[in-house]
Amino acid sequence: MKKVIAQFLCFIGVVVFLHTVYSALQHRKYLRLTDQPFERIPNDIVFECIVSLVIFSWGIINTQILTPIKVSTHLAKKSFDSFAYTPNFTVFKNRGQYINSLLNDN
Amino acid sequence: MIEQPIVLDVAIRNWVVIPILLVLFVVSALKMNFTKIMQIQSDRKQDLQKTMEMQTVARTRKLTAYYNRIPQQGFLMRKAYFTNKETGILTYNEPPQEENNPMDALMQASLMNDSSGMTDMLKGNVVHLIPQISMMTWVNHFFSGFVACKLPFFPLTIRFKSFLQRGIELSSLDVSYVSSLSWYFLCWFGSEGINAILLGENIPSMDQQLFQSQVDQGPPNQQVPIHKVYNSERENIDMIRYESLMDNVEERFLNNLTKKTTITDFSKVSSPSSSSSSSSSVQSKNKVPKRR
Amino acid sequence: MTTELIEYQSYHDQLHKSRSFNWVLVRDLLRFLRKSKFRKSLIVSQYGYKLVDQYFSKLDPQEGWDLLEQVIVCCLDCNQIEKAQTLLNRLVAKFTTNSVRVKRLIGMLYECQGLIQEAINVYQTILQEYPSDSMSMKRQISIYKSQGIHNRAIQLLNTYLQIYMCDFEAWLELASIHINLLSYKSALFCYEEIILNAPINYLFYVKYAEISYSLGGADNFILALKYYTHSLELNSPLDYPEQDHPPTNLPSIYGIIMSIYSFCESSHGGVNKLKDSQVNLMEWAQKQLLDITNQYTPDKKDIVSAFIKLTDIPKKSTTPKDVEQQQPTIEK
């Protein structure tokens with residue numbers, strides 16, 4: 001799923017959620033005007049809220065590349081040199097110092 | 001109980017609810033920075049003996065967890081190194097005072113030897129307690145005597161009333177209406193998560209710790225005396241019955257492969273050869289002594 | 001998703017292609033090198049020096065000093081002592097010589113210049129003040145290693161490891177010294193310790209198997225085979241269909257082929273001592289090697305098939321009589 005579509009879905013989810021909030025407030029106002037007791041939010045607003053949650057979650061999951069859960073896939077990408085890395089034991093008397101002076105001269 | 005909701009003055013929201021929240025947030029930010037500074041300046045003495053003990057315990061834990069990945073010889077070597085009766089590392093001699101009065105010895109050991117660790121703990125507690133107490137008295141002094149907010153949705157019992165409505169002397173008031181002190185408590189309990197998100201960005205990442213830059217701090221105060229830990233670790237090692245992970249690794253690997261792959265011709269190749277060799281190998285296995 | 005080598009190569013190409021000095025790219029490259037633990041001192045000292053010299057103010061304050069330390073160490077690695085000295089002077093000006101980190105860097109500078117005794121003095125003064133400072137102990141060990149006095153280095157490392165038993169890096173170092181001195185049994189012990197510390201990492205099983213193979217002997221060949229197979233369990237070329245980078249665990253496949261071949265060569269009729277699963281594994285490994293070669297490097301197909309032919313094992317004998325006599329058989 002493309003990133004743009006997923007971001008669009010996120011936006012839609014947020015808009016639908018705001019719509020549920022607005023409609024719940026309108027509902028309460030209506031009940032207050034007609035002197036009815038406020039017991040619970042009507043079913044369709046609840047349903048709309050859940051739908052917005054699902055849309056938003058699906059959009060968020062697809063906007064980013066998730067890292068695989070197996071550690072070994074992450075380790076498989078490392079190179080062999082990096083495993084024998086002992087930075088606190090580096091020895092500075094190595095061949096590099098002579099080769100580097102040659103390279104610098106060139 | 002009152003059915004109609006009470007309408008509270010907007011000024012309460014502006015000058016009570018929000019300021020308490022802000023002050024709590026600022027104080028916890030200051031506390032975090034303060035503890036960081038205190039940690040840098042703490043001079044827990046580095047004790048070689050303590051470090052060695054902790055590292056030993058960590059190593060034995062790793063051994064008990066992953067013993068099945070090393071060959072049996074290696075495991076037995078390490079087991080002997082740790083649990084041998086005379087020379088094993090984990091046979092720590094108990095101090096002689098232990099028989100007289102265990103509580104006494106415990107307290108003595110913990111207080112005398114690790115005084116630096118104790119002061120660190122005390123300092124940490126003090127840093128957390130003093131702002132708590134001062135903020136509570138401040139809230140009580142300035143913001144008492146009125147209803148601050150209404151708790152939604154929670155049907156609390158009447159017994160909470162005296163706690164949540166301290167300072168408000170109305171016996172017929174619904175329990176959902178609470179004083180500002182309880183709002184303070186609510187914020188305090190709930191702010192931990194928010195603080196972690198907002199203020200927790202400057203934890204040094206792994207690559208910054210690569211060069212092991214800071215001077216190693218001394219090991220933290222050990223609550224349990226070390227020989228008890230050693231004894232429990234020794235029992236753990238003794239209980240292990242060795243089984244190698246590598247025993248039937250080839251079969252396991254090939255079985256996993258045939259489940260996973262879409263290469264179908266492999267299974268065609270393996271079945272005729274395995275059937276022919278298995279019939280002969282049944283006889284051969286009886287004759288040839290097993291090498292493994 | 002690419003392997004880190006490929007990622008490094010792309011950074012390298014970008015760096016050489018760009019005409020002007022792109023400090024953001026250099027900073028990202030240095031971060032990547034810290035994370036992926038490659039040792040590319042020439043590049044770091046060349047580009048990093050310029051970054052730290054001229055663009056220091058644009059960096060994060062916390063990151064800047066860490067970067068400075070990284071560049072100093074890489075300059076010392078390339079023996080560019082004047083550059084390292086100038087950067088070190090900046091550090092001394094900011095943190096004064098009372099800081100332990102700065103003292104260590106001064107010690108490293110002495111090491112690089114060859115002033116061994118001064119370096120040892122610096123580390124010993126640090127140890128007097130902070131008796132359990134592990135870094136100074138490690139530097140002392142590497143001084144002896146650089147002088148070629150391996151026995152003393154091993155001795156010091158052993159005493160260090162008696163205190164810091166769980167120091168993963170030190171076990172790696174001890175193993176590499178033992179391998180240099182060809183004492184493979186001790187190296188095996190160190191690698192067992194390393195496996196206990198990092199049991200999920202496929203590479204240490206490969207290295208353990210390689211040392212075991214080098215020791216030789218039928219038992220060690222089988223041990224090597226088992227460890228190669230386990231490392232394939234952790235990182236197989238067939239793991240994920242979506243794996244869009246080349247397989248990284250080819251040494252295990254070669255290792256399986258070589259260890260089974262060597263086992264069969266080392267004893268008469270060795271083929272018959274192999275289990276069926278091991279024979280199947282050998283066939284699988286050969287097929288897998290050919291598949292991977294065809295897919296990724298088809299120009300090397302001839303070499304690989306020649307290798308496979310050379311290391312092929314004879315078929316297992318089917319008549320029990322020959323097996324009893326323990327002789328190589330010809331299949332009827």
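Numbered from 1 within each chain, the chains take letters A, B, ... in sequence-line order.
Considering only heavy-atom pairs separated by less than 4.5 Å from chain C, the leading option among S244(B), P71(B), A58(B) is P71(B). The choice from L232(C), L196(C), T229(C) that makes the most heavy-atom pairs within less than 4.5 Å of chain B is L196(C). In terms of heavy-atom pairs under 4.5 angstrom with chain C, the leader among M52(B), Q73(B), M77(B) is M52(B).
Only the side chain of Y205(C) comes within less than 4.5 Å of a heavy atom of chain B; its backbone N, CA, C and O stay farther away. Proximity to chain B is absent for every atom of Y191(C), based on heavy atoms less than 4.5 angstrom apart. Only the side chain of I195(C) comes within contact range of chain B, with heavy atoms under 4.5 Å apart.
From F253(B), atom CZ reaches atom CG of N280(C) across 12.5 Å, with rounding to the nearest 0.5 Å. To the nearest 0.5 angstrom, M54(B) atom CE is 9.5 Å from C166(C) atom SG. Here the straight-line distance linking atom OH of Y227(C) with atom CD1 of I70(B) works out to 7.0 Å at 0.5 Å rounding. We find the CH2-CG distance between W284(C) and L254(B) to be 8.0 Å, quoted to the nearest 0.5 Å. From L225(C), atom CG reaches atom CE of M246(B) across 11.0 Å, with rounding to the nearest 0.5 Å. One distance of note links CD of Q49(B) with CD1 of I163(C); it measures 9.5 Å at 0.5 Å rounding.
No more than 12 heavy atoms of other residues, nucleotides or ligands sit less than 6.0 Å from atom CZ of F34(B). More than 12 heavy atoms of other residues, nucleotides or ligands sit less than 6.0 Å from atom CZ of F32(C).
For the pair R78(B) and F189(C), the distance from NZ or CZ to the six-membered ring centre is under 6.0 Å and the angle to the ring normal is within 45 degrees.
The nearest pair of heavy atoms linking D247(B) to K275(C) is O-NZ, 3.8 Å. Closest non-hydrogen pair, E192(C) versus G74(B), comes out as OE1-CA, 3.4 Å.
A side-chain donor-acceptor contact under 3.5 Å links Q55(B) to the backbone of M165(C).
K226(C) and E250(B) are joined by a salt bridge, as a carboxylate oxygen and a charged side-chain nitrogen come within less than 4.0 angstrom of each other.
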